[in-house]
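Have a look at the structure below, then the notes.
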There are 2 protein chains.
Amino acid sequence: MDKREDILQAALELFAERGYHGTAVSLIAEKAKVGSGTIYRYFQDKEQLVNELYRYWKTEVAKAVKEDLADNLPLRTLFHETWSRWVEFAMKNRAAYSFLIAHHHAPYLDQASVAINEKIHGEYRIFFEIGRQEQIIKDINPELIMAIVTGIFSEMMREYWAGHLQLTPELIDQAEEACWHAIRR
Amino acid sequence: MDKREDILQAALELFAERGYHGTAVSLIAEKAKVGSGTIYRYFQDKEQLVNELYRYWKTEVAKAVKEDLADNLPLRTLFHETWSRWVEFAMKNRAAYSFLIAHHHAPYLDQASVAINEKIHGEYRIFFEIGRQEQIIKDINPELIMAIVTGIFSEMMREYWAGHLQLTPELIDQAEEACWHAIRR
DNA sequence: CTATCCGGACTGAACGTTCATTCCGCATTA
DNA sequence: TAATGCGGAATGAACGTTCAGTCCGGATAG
């Protein structure tokens with residue numbers, strides 16, 4: 001019984017559902033089945049808790065997307081593989097992905113969290129920059145390419161979680177293809 | 001000097017920047033230069049205030065996008081016109097658009113707000129459904145089409161406001177074209 | 001083996017602060 | 001004078017955080 005894990009898990013779910021300011025520390029304690037004081041044995045304060053969560057899951061997604069990924073795949077194949085893994089992660093870890101997009105630009109994220117964010121963002125962007133040079137991807141600002149891909153993906157997940165969209169394998173493929181049409185030359 | 005307007009404007013900017021739970025009523029009062037009690041002369045409580053704001057601006061965007069819009073335009077032209085108006089609105093009313101996307105699925109939105117949401121959502125979707133029948137738009141779930149378009153658009157604005165993207169007229173056109181490529185047949 | 005002791009993980013009541021909301025007296029207008 | 005609009009101090013609930021005390025498993029003493 002790892003209390004630190006229990007606290008992180010409870011906080012993740014509550015922050016994802018109710019937001020940072022909408023979640024009282026006592027509520028996290030209750031859900032994690034610990035005394036509220038215990039939270040302060042593991043985390044300096046509420047802000048450190050949310051940052052630790054953010055960095056942990058941001059890194060987890062990046063790991064899940066990258067691991068055992070053959071390099072020198074053609075870009076279209078790489079895109080397909082990445083898209084699939086992203087979907088798989090988001091569906092397996094709804095609270096985590098939901099938490100990440102909700103806190104993406106939150107003012108209480110500290111320097112370290114912002115740094116991790118930019119690092120990972122850059123790792124994805126580089127692929128589109130290469131594709132652009134190879135004239136596979138549209139000749140437009142790679143930041144816009146990133147916005148298109150992440151925008152489509154996160155909105156699709158939001159609508160799925162809101163119950164407006166059924167994520168069948170066909171729909172996931174259709175979304176991927178549409179996304180590719182948006183960014184390919 | 002209309003205090004009700006002052007309160008709505010102050011609340012809009014604060015909610016957009018700091019979120020609902022992150023904004024104290026006293027802060028709204030200070031920014032609007034009224035006593036905190038005055039807010040309760042115009043609004044039942046904080047929740048009614050946020051809902052009134054939401055419905056007001058949701059309706060405003062819809063109006064701005066629709067007004068004086070010729071019907072029987074070809075869908076591609078209609079899409080261009082809508083995209084342009086949407087951009088114009090978002091840039092002229094940063095706080096309002098930012099507020100709207102931040103509170104899109106918030107749990108404190110009441111029935112009336114959700115109803116307006118669905119009504120306007122449906123008005124947009126119908127165009128894509130027609131385009132689908134006319135075989136101009138991809139033969140996929142119209143909700144996915146909606147998610148693609150709103151996802152690209154709102155992510156683009158977020159990145160612009162975060163300072164990561166310069167919204168030049170060319171970039172706006174490029175984004176529109178990319179978005180069209182995603183959804184056209 | 002049993003009894004006693006001990007460190008520190010843990011709890012939750014309590015603290016000071018901040019919150020949303022109410023209340024009341026003053027100012028303004030009629 | 002009476003009625004209304006308003007500001008901001010007052011109120012109590014809820015917040016994040018603290019801390020005195022409890023509990024428990026293992027070390028020590030008998």
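Proteins come first, then strands; the chains are lettered A, B, ... in the order of their sequence lines, and each starts at number 1. Below, each value reflects all heavy atoms present in this structure, side chains not excepted, and no hydrogens, waters or symmetry copies. It should be emphasised that the depicted structure is a prediction, and the values quoted were computed from it without experimental measurement.
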Here's a test of your reading of the structure: between A/Gln44 and B/Gly35, which maps to the more 5' nucleotide of DNA chain D?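 The residue mapped nearer the 5' terminus is B/Gly35.
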
If each of A/His21 and B/Lys3 is mapped to the nucleotide of DNA chain D with the nearest heavy atom, which maps nearer the 5' terminus, i.e. the 5' end?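 Whichever sits nearer the 5' end wins; that is B/Lys3.
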
With a cut-off of less than 4.0 Å, is there a side-chain N or O of A/Tyr40 near OP1 or OP2 of D/dC19?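 False: A/Tyr40 side-chain N/O out of range (4.0 Å or more) of D/dC19 OP1/OP2.
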
D/dG8 phosphate, OP1 or OP2: any side-chain N/O from B/Ser36 under 4.0 angstrom?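 No, B/Ser36 has no side-chain N/O under 4.0 Å of OP1/OP2 on D/dG8.
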
Geometric cation-pi criterion, B/Lys46 with B/Tyr20: 6.0 Å, 45°: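 Yes, a cation-pi geometry.
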
Using atom [atom1] of [X] as one end and atom [atom2] of [N] as the other, report the distance to the nearest whole Å.
X        : N      : atom1 : atom2 : result
B/Tyr108 : C/dA20 : OH    : P     : 12 Å
A/Ile39  : D/dC19 : CD1   : P     : 17 Å
B/Phe43  : C/dA20 : CZ    : C1'   : 15 Å
A/Asp45  : D/dC15 : CG    : P     : 17 Å
A/Leu27  : C/dG12 : CG    : P     : 15 Å
A/Ile28  : D/dA14 : CD1   : C1'   : 15 Å
B/Lys46  : C/dT22 : NZ    : C1'   : 17 Å
A/Lys33  : C/dC10 : NZ    : P     : 16 Å

What about A/Trp57 and A/Phe99, are their ring centers closer than 6.0 Å?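 Ring-ring flag for A/Trp57/A/Phe99: false, centres at least 6.0 Å apart.
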
Would you say the rings of A/Tyr97 and A/Phe153 are close, in the sense that their centroids are separated by under 6.0 Å?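 Judged by ring-centre distance (under 6.0 Å), A/Phe153 and A/Tyr97 do meet the cut-off.
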
Side-chain heavy atoms of B/Phe79 within contact of B/Val149, under 4.5 Å: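 A side-chain contact exists here, since the closest heavy-atom pair is under 4.5 Å.
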
I want to check something: taking the side chain as every heavy atom from C-beta on, are A/Gln9 and A/Lys31 in contact at a cut-off of under 4.5 Å?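 They are not in side-chain contact.
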
Earlier contact from the 5' end, DNA chain C, for A/Gly37 and A/Arg41: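 Its nearest nucleotide being more 5', the pick is A/Arg41.
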
Considering only side-chain heavy atoms of A/Val25, which listed nucleotide, C/dT11, D/dT17, D/dC15, is closest?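 The listed nucleotide nearest to A/Val25's side chain is D/dT17.
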
Pick base, sugar-phosphate or nothing for B/Tyr42, based on heavy-atom distances below 4.0 Å to the nucleic acid.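 Sugar-phosphate only.
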
